[in-house]
Each structure stands twice: as structure tokens, then as C-alpha cells.
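The first residue in the sequence is number 1, and the count goes up from there.
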Amino acid sequence: MIDIGNLDRVIRDAQSLTESNRSALERALEAAESPLLNTIRAIESNSTLQRMLDDVENHRALIRAAEGPLAELRKAGVFDPSSPWQKEFVRTQELMASFNNRFILPDIGETARLAQEFSQGPMVELLNRCSEQAASFQLEMDAMRTPWLDAQRQLESVGRFAEIQSIGGVLGRMPTFDDQVSNALRLDLGDWRDKITWPKNTLTDLGARSEFYLGLGFDPSLTDLPAPAFQEGLVISGLRHQAPPLVKAYGMPVPKVNEDEEALVRTNIAHDWLLRLESNLRQFIDIQMTLAFGPDWPKHRLPKGMYEKWQEKKQKAELAGRETWPIVAYADFTDYELVICKKDNWRVVFNGYFSRPESVRESFQRLHMIRLDTMHARPIGQDDELLLYVEVKRLIKVVLST
């Protein structure tokens with residue numbers, strides 16, 4: 001268990017940073033046009049931080065939500081001893097060190113014992129029913145090269161690791177929109193089927209986003225890991241093994257990384273994955289709808305007003321001298337679910353690929369805020385990353401199976 005007394009002291013010290021210190025740091029970041037400024041403001045001055053002293057679970061929630069973005073801050077040099085504003089974040093570094101120091105890298109003999117004792121989660125149980133998962137579990141633990149095991153919560157930590165590995169295994173071996181898979185994922189990621197009204201503060205407030213995910217049923221223990229271990233676990237699980245192919249014919253050129261945003265490695269990778277997913281979704285929708293209704297399907301099979309919106313965007317692009325793409329290339333990210341789940345399209349075309357329309361809506365809603373963040377160069381958290389790689393894998397497996 002994390003040392004609560006020490007954590008309270010670190011947080012009190014962080015809160016005692018003077019307004020001039022914070023302003024100096026913000027001015028430096030603004031001068032550098034840093035896209036990480038909102039993350040720093042969220043960590044140092046938002047209302048969630050003020051509530052930390054009252055509830056240790058809020059401490060843990062913000063630490064968990066901030067771990068990924070703060071790892072990028074460290075890589076960007078914000079905490080480098082040579083940086084002029086390094087002293088302003090000494091206490092924040094202490095806070096993160098208190099979190100990271102909980103974790104160890106077990107040896108092979110220890111993983112053999114842990115493999116026999118780990119907790120059963122919904123995806124672990126589902127994978128055990130469809131394959132021999134337990135035999136590979138110790139190998140997956142042994143493959144880790146960065147500290148991932150919470151020394152004071154070992155079985156909980158092993159159960160978390162097993163669940164992430166099992167999510168990857170299930171999505172690799174079963175139909176990804178199968179009812180059993182969707183139901184098991186809801187126990188881990190929450191129930192996102194109902195239409196969601198997105199709270200504005202979840203776009204910039206790390207604590208608010210974490211609470212929003214918790215309210216939907218997201219299991220925070222799945223991402224309660226140091227950033228390097230979380231990334232490594234995603235790769236070993238197969239969730240982040242290989243990015244989807246890019247279909248350039250549907251208006252998705254290979255993205256170029258802005259030099260000013262090189263520190264946002266995780267956000268840029270997420271942006272790339274989403275662009276690749278979109279290019280495949282556009283091709284999938286266009287091919288399947290053309291087969292069912294002919295090449296003029298957009299004129300007759302889109303929700304009301306959508307065809308006119310696509311046409312307007314295409315005409316503006318052509319007037320600007322840009323390359324012309326198939327009209328579906330002018331769809332917004334929120335349009336795909338509406339096209340797929342439109343009743344007549346669903347009945348004739350998409351029912352055979354996805355189990356239920358509410359599961360399709362759920363998948364796109366889990367990606368919604370991540371898509372907004374990556375388009376505006378905002379750092380994403382580890383909760384976001386887990387949702388991203390799970391839902392991209394689910395959708396791309398369906399799309400590429402045609």
C-alpha cells in the first residue's frame with residue numbers, strides 16, 4: 001500500500017507552489033508553444049488536486065491518470081535538471097516516484113508461483129473456456145522487462161496483468177463483436193452502449209475524465225501501472241502489436257509528425273492508429289454498401305442531411321485544389337456509426353458483421369474523446385490507450401475479415 005502520510009506531505013508541498021512559480025512555468029511553456037501546458041495545469045491547479053487531501057482514492061486516481069502524460073513530460077525535458085523550470089516540479093516528481101517505487105520485476109521462480117495463484121477476471125475466464133491460456137501466462141510474465149508487479153498487492157497486480165493479456169488473447173481468437181466478448185469487456189471497460197453526452201471538462205481535466213470513466217464502470221486497476229510497464233504489457237498482449245494498414249485511396253495520407261510535438265509520442269502513435277482505422281472503415285463501408293446498393297449508395301442510403309454535408313466538404317476541397325477522393329472520405333468520425341447502424345443499412349448489410357448495433361455504438365463512443373485529443377495534440381492517459389487499442393483491434397478485425 002502506498003505510504004499515505006508521505007503522499008499527503010508531497011501533495012501539500014505541491015499545493016504550496018507559489019502562483020508566481022506556476023505562472024513562470026506556464027509562461028515558459030506558452031513561449032515554447034508546448035501542447036503539454038493543459039496537462040500541467042490539470043495536475044497542478046485543478047479541483048481534483050484540491051480534493052486529494054480528503055480522499056486517498058482521489059490521490060490514486062489522479063496519479064494513475066497522470067502517469068502517462070507525465071512520462072511524456074519527463075521525455076520532453078520538463079523535468080531535466082538543465083531546464084529553467086525544473087525546480088517547479090520537484091514535488092510532482094516525488095509524487096510520481098512514490099507511485100513508481102511500488103513496482104518490482106519478479107524473477108522467473110516468482111512468476112511460476114504467481115501464475116498458479118492469479119485472480120480470475122472476466123476475460124481470463126472467457127479465454128480459459130475457448131483455449132489453453134494458462135500455459136502461456138507465465139511466459140507472458142517472464143517476457144516483461146520493466147517493473148510491473150505491485151510488491152504490496154501482488155495477487156491484485158497479477159490479476160490485472162492476466163486480464164490485459166486475456167483481452168488481447170480473446171480479441172485475437174474470437175469474433176470481436178460476439179456477445180460473450182462484448183459482455184466480458186463491459187466488466188472491464190464499462191458499459192458505453194447508451195448515447196453519451198460528453199462533459200466538457202473531461203477534455204482537459206485528468207481527474208474529471210478518470211471519474212467519468214469510473215462512472216461508466218471502467219476498472220481503474222487495469223491501468224494502475226508505471227507507463228513503461230503498461231506499454232510493454234500492451235505489446236505482449238497483442239493489443240498494440242501492429243498498427244492497421246493504411247488505405248491511402250480513401251483520403252488518409254501518411255501523417256507527418258510536427259517537430260514541436262515530438263514529445264507527444266503516445267498521442268502521435270494513437271493519432272496514427274486512428275487514421276489507419278478510419279481509412280479501413282471508409283473502404284469497408286464503401287465496398288459493402290456498393291455491393292448491396294450500387295455506386296450511388298451515398299445519395300440514397302445516408303442519414304438525412306449527411307450526403308449534403310459530405311458533398312459540401314468535397315466541393316470545398318476541390319476548389320482549394322486538393323486531391324479528389326471517394327465521397328465517403330469526407331465523412332466525420334461520428335458518421336461511421338450512424339451509417340452502419342441506420343436501420344435499413346444494418347438489416348441488409350452490417351448485421352452479418354456485427355452482433356448488435358448498440359455494441360457498434362459502444363465501440364465508437366469509447367474512441368470518441370481519444371479521437372478529439374489526438375486531433376488537437378492533447379496528451380492522452382493510459383485509460384484512453386487501453387480503450388484505443390482494444391476498440392481498434394475489435395473494429396479492424398471485422399473490417400479486414402471481408
How about Leu387 and Leu367: do any of their side-chain heavy atoms sit closer than 4.5 Å? no
Steps toward salt bridge (Lys or Arg N to Asp or Glu O under 4.0 Å) verdict (Arg160, Glu163): CA-CA 5 Å; Arg160 167 176 62 233; Glu163 195 68 4; over 6 Å; no
Does a side-chain heavy-atom distance below 4.5 Å link Glu385 with Gln382? yes
Search all heavy atoms of Phe103 against all heavy atoms of Asp224 and return the closest pair with its distance. CZ-O, 3.4 Å
Quick test of your reading of the model: are Asp286 and Arg282 salt-bridged, counting only N-O distances below 4.0 Å? no
A side-chain contact here means heavy atoms from C-beta on lying under 4.5 Å apart; do Leu189 and Glu391 qualify? yes
Restricting to side chain to side chain donor-acceptor pair (under 3.5 Å), what partner residues turn up for Asp373, sequence neighbours left out? Arg209, Arg378
Residue list, side-chain contact (heavy atoms from CB on, under 4.5 Å) with Ser401, at least two apart or on another chain: none
Carboxylate-amine/guanidinium contact Lys342 Asp344, below 4.0 Å: yes
Look only at the side chain of Asn345 and the backbone of Val339, and say whether a donor-acceptor pair between them is shorter than 3.5 Å. yes
Would you please name every residue forming a ring-ring contact (aromatic ring centres under 6.0 Å, His included) with His368, sequence neighbours left out? Trp198
Between the side chains of Arg145 and Glu232, is the shortest nitrogen-to-carboxylate-oxygen separation below 4.0 Å, so that they form an ion pair? no
Would you compute the distance between atom CD of Gln283 and atom CD1 of Ile285 and round it to the nearest 0.5 angstrom? 11.0 Å
Would the distance check show the side chain of Ser363 and the main-chain N or O of Ser359 forming a donor-acceptor pair, the cut-off being under 3.5 Å? no
Rounded distance (nearest 0.5 Å) linking atom NZ of Lys248 with atom CG of Leu275: 13.0 Å
Using the rule side chain to side chain donor-acceptor pair (under 3.5 Å), only one of Asp219, Asp383, Asp384 pairs with Tyr213; which is it? Asp384
Do Arg366 and Glu362 sit within salt-bridge range, that is, some charged N less than 4.0 Å from a carboxylate O? yes
Quick note, salt bridge (Lys or Arg N to Asp or Glu O under 4.0 Å) partners involving residues 174-183, not counting sequence neighbours, are Asp179-Arg356
dist Ile327:CD1 -> Gln311:CD (nearest 0.5 Å) comes out at 4.0 Å
Between Val158 and Phe137, is any pair of side-chain heavy atoms under 4.5 Å apart? yes
Of all residues at least two apart in sequence or in a different chain, which pass the side chain to side chain donor-acceptor pair (under 3.5 Å) check with Glu278? Tyr336, Arg371
Take Phe230 and Leu386, measure what side chain to side chain contact (heavy atoms under 4.5 Å, CB included) needs, and give me the verdict at the end. CA-CA 9 Å; Phe230 179 69; Leu386 181 58; 4.1 Å; yes
Criterion ring-ring contact (aromatic ring centres under 6.0 Å, His included) on Tyr353 and Phe177, from CA distance to verdict: CA-CA 8 Å; Tyr353 296 102; Phe177 282 85; over 10 Å; no
Within this structure, what is the CG-CZ distance for the pair Leu216 and Arg186, rounded to the nearest 0.5 Å? 12.5 Å
For the side chain of Gln365 and the backbone of Ile196, is there at least one donor-acceptor N/O pair under 3.5 Å apart? yes
For Trp297, what residues pass the ring-ring contact (aromatic ring centres under 6.0 Å, His included) criterion, not counting sequence neighbours? none
Listed pairs under 3.5 Å, donor-acceptor, residues 234-246 side chains, sequence neighbours left out:
{"from": "Ser237", "atom 1": "OG", "to": "Gly233", "atom 2": "O", "distance (Å)": "3.4"}
{"from": "Ser237", "atom 1": "OG", "to": "Leu234", "atom 2": "O", "distance (Å)": "2.7"}
{"from": "Ser237", "atom 1": "OG", "to": "Leu239", "atom 2": "N", "distance (Å)": "3.2"}
{"from": "Arg240", "atom 1": "NH1", "to": "Gln231", "atom 2": "OE1", "distance (Å)": "2.2"}

Do Phe350 and Val360 have side chains that get closer than 4.5 Å, going by heavy atoms? no
Can you list the residues that meet the ring-ring contact (aromatic ring centres under 6.0 Å, His included) rule with Trp148, with sequence neighbours excluded? Phe161
Do Phe212 and Asn201 come close enough that some side-chain heavy atom pair is under 4.5 Å? no
Minimum heavy-atom separation for Lys393 to Gly168, with atom names? NZ-O, 4.0 Å
Shortest non-hydrogen contact from Ser166 toward Val124: OG-CG2, 3.2 Å
For Tyr250, check ring-ring contact (aromatic ring centres under 6.0 Å, His included) against everything at least two apart and list the hits. none
Considering residues at least two apart in sequence or located in another chain, which fulfil the side-chain contact (heavy atoms from CB on, under 4.5 Å) criterion with Val399? Asn280, Leu281, Phe284
Suppose we screen for side-chain contact (heavy atoms from CB on, under 4.5 Å). Which residues come up paired with Glu110, at least two apart in sequence or across chains? Pro106, Asp107, Arg113, Leu114, Gln154
Assess the residue pair Leu274 and Thr374 against the criterion (side chain to side chain contact (heavy atoms under 4.5 Å, CB included)); give the C-alpha distance rounded to whole Å, side-chain angles, the decisive distance to 0.1 Å, and a yes or no. CA-CA 9 Å; Leu274 284 167; Thr374 61; 3.6 Å; yes
Whether Asp191 side chain and Arg193 backbone form a donor-acceptor pair below 3.5 Å: yes
Decide whether Arg394 and Ser182 meet the rule of one side-chain donor and one side-chain acceptor closer than 3.5 Å. yes
Contact summary for Met375 and His271, nearest pair of heavy atoms: SD-NE2, 3.5 Å
What pair of heavy atoms forms the shortest contact from Thr267 to Ile380, and how long is it? OG1-N, 3.5 Å
If the threshold is 4.0 Å, N to carboxylate O, is there a salt bridge linking Lys309 and Asp332? yes
Given Val390 and Ile167, is the side chain to side chain contact (heavy atoms under 4.5 Å, CB included) satisfied, shown in steps? CA-CA 8 Å; Val390 167; Ile167 290 173; 3.8 Å; yes
Using side-chain heavy atoms (C-beta onward) and a distance below 4.5 Å, is Lys397 in contact with Leu171? no
Given 3.5 Å as the limit, does a donor-acceptor pair link the side chain of Lys314 with the main chain of Tyr330, or not? no
Leu291: what forms a side-chain contact (heavy atoms from CB on, under 4.5 Å) with it, not counting sequence neighbours? Ile287, Gln288
On a heavy-atom basis, which atom in Pro226 and which in Asn100 lie closest, and how many Å separate them? CB-OD1, 3.2 Å
Side-chain contact test, heavy atoms from C-beta onward, threshold under 4.5 Å: evaluate it for Arg361 versus Phe364 and give yes or no. no
Nearest 0.5 Å please: distance from the CZ atom of Arg102 over to the CG atom of Leu225. 9.0 Å
